[in-house]
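Chain letters run A, B, ... following the sequence lines, proteins first, then strands; residues in each count from 1.
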Amino acid sequence: MYPDARCALNFRNPFELLIATMLAAQATDKSVNRVTPALFAKAPTPEAMLLLTQEELEDLIKSIGLYRNKGRNILAACRILVEKHGGQVPGYREGLEKLPGVGRKTANVVLAEAFQEPAIAVDTHVFRVSNRLGLAQAKDVVKTEQDLMNNIPRDLWAKAHHWLIFHGRQVCHARKPACGVCRLAECCREYTGLKRETGEETE
DNA sequence: AACTCGGGGCA
DNA sequence: TGCCCAGAGTT
C-alpha cells in the first residue's frame, strides 16, 4: 500500500466534496487543493456560492484549467441544489448526475465518500490498471465498476480504489508502465501476455 | 467514437 | 518542448 493511500482532495462536508470533485476533472488534486481553501472560505454553501458572479468564481479557480466550464457548471449546480434539494447535496445517483458537470465518476465519488453508498469511481487510472491486471474486462466503466465490486471485498473498496489510482500514477503509466518495479507484474494479465509475445524478454 | 475545454506540473 | 492531469458534454 502506498503511504498516502487516501483521498487526496481536501473537504469537510458533502458540499465541499462535490465541488472539489467537480474541480478535479482533468486537473491534479494538488492544484484543486490550492484553490479550494479560498473558495470555500467565500462560498461554504450553495447559497453562498450563488452570491458570486461567474467572473468572481472563475477568478478563484482559474489556475486549474477548464475554469469557464467549471465555473458555469458549479453555479448551475448550486442553483439546482438550492431550488430542488433544499441546499443539500443529494445522496442518490439520479440527483447527482442531473447536476451539470457531474457525471458517473463524480457521482460515485460523492456516493461512496459522503454517503457510504456502494460505489467505486472508475477514472482513467482505475480503468486502465484494473483492466491490465485482469481485475476487470475492458468493456466500459460501468462493467469495470461491477467487476471491481465483485472481485474486491467491500471493506477494501476504498483502499483498493486509492491503490489503483496511485499505482496508475506512479507505476502503471498509460504509455510506459514501469513493469520492472511493479510488484504485481508476474500476475498481471497485460505483462504476462506481453512477455509471451516477445518471447520471455521483458525486463 | 471523436472532439473540445485548458492552465499548470513535471521531466 | 511534450505529455499528462481522481472527466463531462456535445456532435
Side-chain angles (χ1 to χ4, degrees), chain A residues 1-11 14 16-39 54-55 57-80 89-90 93-115 117 119-133 135-136 138-145 148-149 152 156-178 181:
Chain A
M1 192 66 59
Y2 293 110
D4 54 350
R6 57 183 170 74
C7 181
L9 294 173
N10 295 330
F11 64 93
E16 291 190 359
L17 173 61
L18 172 66
I19 300 300
T21 309
M22 290 175 73
L23 290 174
Q26 292 299 99
T28 60
D29 48 349
K30 206 167 171 183
S31 63
V32 171
N33 287 335
R34 199 173 54 227
V35 303
T36 46
L39 176 61
Q54 186 169 335
E55 194 174 52
L57 177 53
E58 285 177 1
D59 206 53
L60 285 166
I61 66 174
K62 71 178 162 196
S63 70
I64 68 176
L66 298 178
Y67 59 91
R68 281 193 282 264
N69 287 339
K70 289 174 181 177
R72 186 179 62 241
N73 286 338
I74 286 172
L75 288 180
C78 286
R79 207 164 292 126
I80 294 175
V89 176
R93 177 177 304 286
E94 303 75 45
L96 289 166
E97 290 191 2
K98 270 187 189 162
L99 301 173
V102 178
R104 178 99 194 169
K105 184 259 171 183
T106 301
N108 279 3
V109 169
V110 174
L111 287 172
E113 300 207 27
F115 296 101
E117 292 289 331
I120 296 182
V122 174
D123 55 47
T124 57
H125 294 305
V126 173
F127 186 77
R128 181 180 72 250
V129 177
S130 57
N131 282 309
R132 278 178 176 168
L133 286 174
L135 290 171
K139 302 286 190 210
D140 55 77
V141 291
V142 177
K143 183 76 165 64
T144 299
E145 280 175 22
L148 291 177
M149 290 191 288
I152 299 171
L156 295 179
W157 284 3
K159 281 185 183 176
H161 178 245
H162 299 316
W163 184 90
L164 286 167
I165 289 174
F166 278 95
H167 190 64
R169 285 167 61 169
Q170 300 176 12
V171 178
C172 195
H173 303 108
R175 299 286 177 77
K176 260 189 63 172
V181 299

Assign [X] to base, sugar-phosphate, or nothing according to its heavy-atom contacts below 4.0 angstrom with the strands shown.
| X | value |
| --- | --- |
| A:Lys70 | nothing |
| A:Leu23 | nothing |
| A:Val126 | nothing |
| A:Thr21 | nothing |
| A:Arg72 | nothing |
| A:His161 | base |
| A:Asn69 | base |

Residue pair A:Ser31/A:Ala25 against DNA chain B: nearer the 5' end by closest nucleotide is A:Ala25
Between [X] ([atom1]) and [N] ([atom2]), how many Å, whole number?
| X | N | atom1 | atom2 | value |
| --- | --- | --- | --- | --- |
| A:Asp29 | B:dG8 | CG | P | 17 Å |
| A:Tyr67 | C:dA8 | OH | C1' | 18 Å |
| A:Gln26 | B:dG9 | CD | P | 16 Å |
| A:Asn33 | B:dG8 | CG | P | 17 Å |
| A:Leu9 | C:dC5 | CG | P | 15 Å |
| A:Phe127 | C:dC5 | CZ | P | 15 Å |
| A:Ile19 | C:dA8 | CD1 | P | 14 Å |
| A:Asp140 | C:dA8 | CG | P | 14 Å |

Under the side chain to side chain donor-acceptor pair (under 3.5 Å) criterion, do A:Arg128 and A:Asn131 qualify, and how do the steps go?
-> CA-CA 5 Å; A:Arg128 181 180 72 250; A:Asn131 282 309; over 6 Å; no
Of the listed nucleotides ([options]), which one gets closest to any side-chain atom of [X]?
| X | options | result |
| --- | --- | --- |
| A:Lys30 | C:dC4, B:dC10, B:dG6 | B:dC10 |
| A:Arg175 | C:dG7, C:dA6, C:dC4 | C:dC4 |
| A:Thr106 | C:dA8, C:dA6, B:dG6 | C:dA8 |
| A:Thr28 | C:dG7, C:dC4, C:dA6 | C:dA6 |
| A:Ala24 | C:dA6, C:dC3, C:dG7 | C:dA6 |
| A:Ser63 | B:dG8, C:dC5, B:dC5 | B:dG8 |

Pick from A:Ile64, A:Leu66, A:Asn73: which one makes a side-chain contact (heavy atoms from CB on, under 4.5 Å) with A:Leu23?
-> A:Ile64
Determine: side-chain N/O of [X] to OP1/OP2 of [N], distance under 4.0 Å, yes or no.
| X | N | value |
| --- | --- | --- |
| A:Arg34 | B:dG9 | yes |
| A:His173 | C:dC3 | no |
| A:Arg169 | C:dC5 | no |

Should A:Asn108 and A:Glu145 count as side-chain neighbours, where that means a heavy-atom distance under 4.5 Å?
-> yes
Considering only the P atoms, how many Å lie between B:dT4 and C:dA6, rounded to the nearest integer?
-> 23 Å
For nucleotides B:dG6 and C:dT11, find the distance between their P atoms and express it as a whole number of Å.
-> 16 Å
A:Asp29/A:Arg169 ion pair, N-O < 4.0 Å | yes
First locate atom CG of A:Leu39, then atom CG of A:Leu60, and finally report the distance between them rounded to the nearest 0.5 Å.
-> 6.0 Å
To the nearest 0.5 Å, tell me how far A:Ile74 CD1 sits from A:Tyr67 OH.
-> 14.0 Å
Residue closer to the 5' end of DNA chain C, A:Ala174 versus A:Pro100 (nearest nucleotide) | A:Ala174
Smallest heavy-atom separation, A:Val102 atom then A:Leu18 atom, equals CG2-CD1, 3.9 Å
